[in-house]
Amino acid sequence: MNTLGFVVGFLPWIVFSVVAQRLDANGVAWSALIAVAMTVVALISTRRRHGPMFLNIVSLCLFAVIAVVGFTGGAAVDAWLFEWGRPLVGVVLGLVVLVTVPVRPFTEEYARQSVPQQYWGSPTFRRINAVLSAVWGAAILVIGLAAVAVAALDANAVTASRSHGVDLVLNWVVPIVVIWAGIRFTATYPDRVNRAAGPTQEDSP
């Protein structure tokens, strides 16, 4: 599987989080609009090759809602989106990925780009992608919850230095470690499952 392929699928979410964090409350809607534009470009480019990706469709809907609410709402809405809506995006995205694992593991769409079609319906292929999708759903959920924790702690911070230290760990260290672990797991897990299945098993990709 091309791990970089679906990691790029999270790029609009990453860009939204980084840009929104650097702007004031009025910038959340603009950050969401940037993410919408990036997702539309991704949908157009993938449609010609293998159809729209589920992850892109979810991102488009999520960021479109944030953009509309942000541009049409008042100052109070902008403040809420900046304080809570921005970190909650990761929680929502992670939950959507986890809930859809039994029905539609999102990594299957990326795996099919490099796995022969004869293996798409095999139990091994389905099991591998169910596990990978669950791992990435949990990873995004953890990152989102870390951002929510930062928002909650910042609202009740006693000192600026303590708030900065928490922000550094939860907004940067945790996401970097979690994403690195997810990439490493994705690169090694399919091979481990296939080796355990044995070279003679016909349904093993």
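If you read the sequence from its start, that first residue is 1, and numbering goes on from there. Just so you know, these numbers come straight off a predicted model, no measurement behind them.
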For the residue pair [X] and [Y], what are the closest heavy atoms and their distance?
X      : Y      : answer
Pro52  : Ile57  : CB-CD1, 4.1 Å
Ile140 : Trp13  : CD1-CZ3, 3.4 Å
Leu81  : Gly70  : CD1-CA, 3.6 Å
Leu98  : Ala134 : CD2-O, 3.4 Å
Pro102 : Arg126 : O-NH2, 4.2 Å
Leu43  : Leu60  : CD1-CD2, 3.7 Å

Within the structure provided, determine whether Leu33 and Phe63 are in side-chain contact (heavy-atom separation under 4.5 Å). no
Cation over ring, Arg192 on Tyr189, under 6.0 Å and within 45°? no
Heavy-atom donor-acceptor pair, [X] side chain to [Y] backbone, under 3.5 Å:
X      : Y      : result
Thr100 : Val97  : yes
Ser59  : Asn56  : no
Thr107 : Asn129 : yes
Ser122 : Phe125 : yes

Same hydrophobic cluster for Ile66 and Phe71, using side-chain heavy-atom links shorter than 4.5 Å among ILVMFWY? no
When you group the ILVMFWY residues by side-chain heavy-atom contacts below 4.5 Å and let the links chain together, are Val150 and Val169 in the same group? yes
Residue pairs meeting side chain to side chain donor-acceptor pair (under 3.5 Å), one or both in residues 63-84, sequence neighbours left out, come to none
Sequence neighbours left out, what passes ring pair (Phe, Tyr, Trp, His ring centres under 6.0 Å) with Phe10? Give chain and number order. Phe106, Trp136
Salt bridge or not for Glu108 and Arg104, using N-O below 4.0 Å? no
Taking it one step at a time, do Phe16 and Met38 satisfy side chain to side chain contact (heavy atoms under 4.5 Å, CB included)? CA-CA 10 Å; Phe16 167 79; Met38 295 177 63; over 6 Å; no
Checking Val96 against Phe54 for the side chain to side chain contact (heavy atoms under 4.5 Å, CB included) test, could you report, in this order, the C-alpha distance in whole Å, the side-chain angles of both residues, the deciding distance, and whether it holds? CA-CA 11 Å; Val96 169; Phe54 173 72; 4.2 Å; yes
